[in-house]
Amino acid sequence: MIHTELKAVRQFQKRKIQVERELDDLKENLRNTERIHQETLRRLESRFFEEKVQIIRVNLKCFVH
């Protein structure tokens, strides 16, 4: 009886370690995905701003001439 319980505890400990590693991997993947998302968002916002400025300049040139 005690051997069965000890075996169950050891299996639980092994599974716990495995699940914690998987959780750490998922957290790392989430951090990387968030970082990439933020970089992409910054690039898109910058591109939008640059295009907006370019459109304003073109419109100003048309207005002045």
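Residues V53 make up the rest of the hydrophobic cluster containing F49, defined by ILVMFWY side-chain heavy atoms closer than 4.5 Å, directly or through other members.
Listed by chain and number, the residues in a side-chain hydrogen bond (donor to acceptor under 3.5 Å, both in side chains) with E28 are R31 (sequence neighbours excluded). Partners of Q54 under the side-chain hydrogen bond (donor to acceptor under 3.5 Å, both in side chains) rule, at least two apart in sequence or in another chain, do not exist in this structure. E5 is linked by a side-chain hydrogen bond (donor to acceptor under 3.5 Å, both in side chains) to nothing, counting only residues two or more places apart in sequence or in another chain. By the side-chain hydrogen bond (donor to acceptor under 3.5 Å, both in side chains) test, E39 is found to be paired with R35, residues two or more places apart in sequence or in another chain being considered.
Contact annotation: the side chain of V58 never approaches that of K61 to less than 4.5 Å [non-hydrogen atoms, C-beta and beyond]. Residues L60 and R57 form no side-chain contact, since every pair of their non-hydrogen atoms from C-beta on lies 4.5 Å or further apart.
Between atom CG of residue L44 and atom OG1 of residue T40 there is a gap of 6.5 Å, rounded to the nearest 0.5 Å. The structure places NZ of K52 at 9.5 Å from CD1 of I55, a figure rounded to the nearest 0.5 Å.
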Sequence neighbours excluded and cut-off under 3.5 Å, please list the side-chain donor-acceptor pairs for residues 14-24, or say none.
from, atom 1, to, atom 2, distance (Å)
R15, NH1, Q18, OE1, 3.1
K16, NZ, E20, OE2, 3.3

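At least one donor-acceptor pair under 3.5 Å links the side chain of T33 to the backbone N or O of N29.
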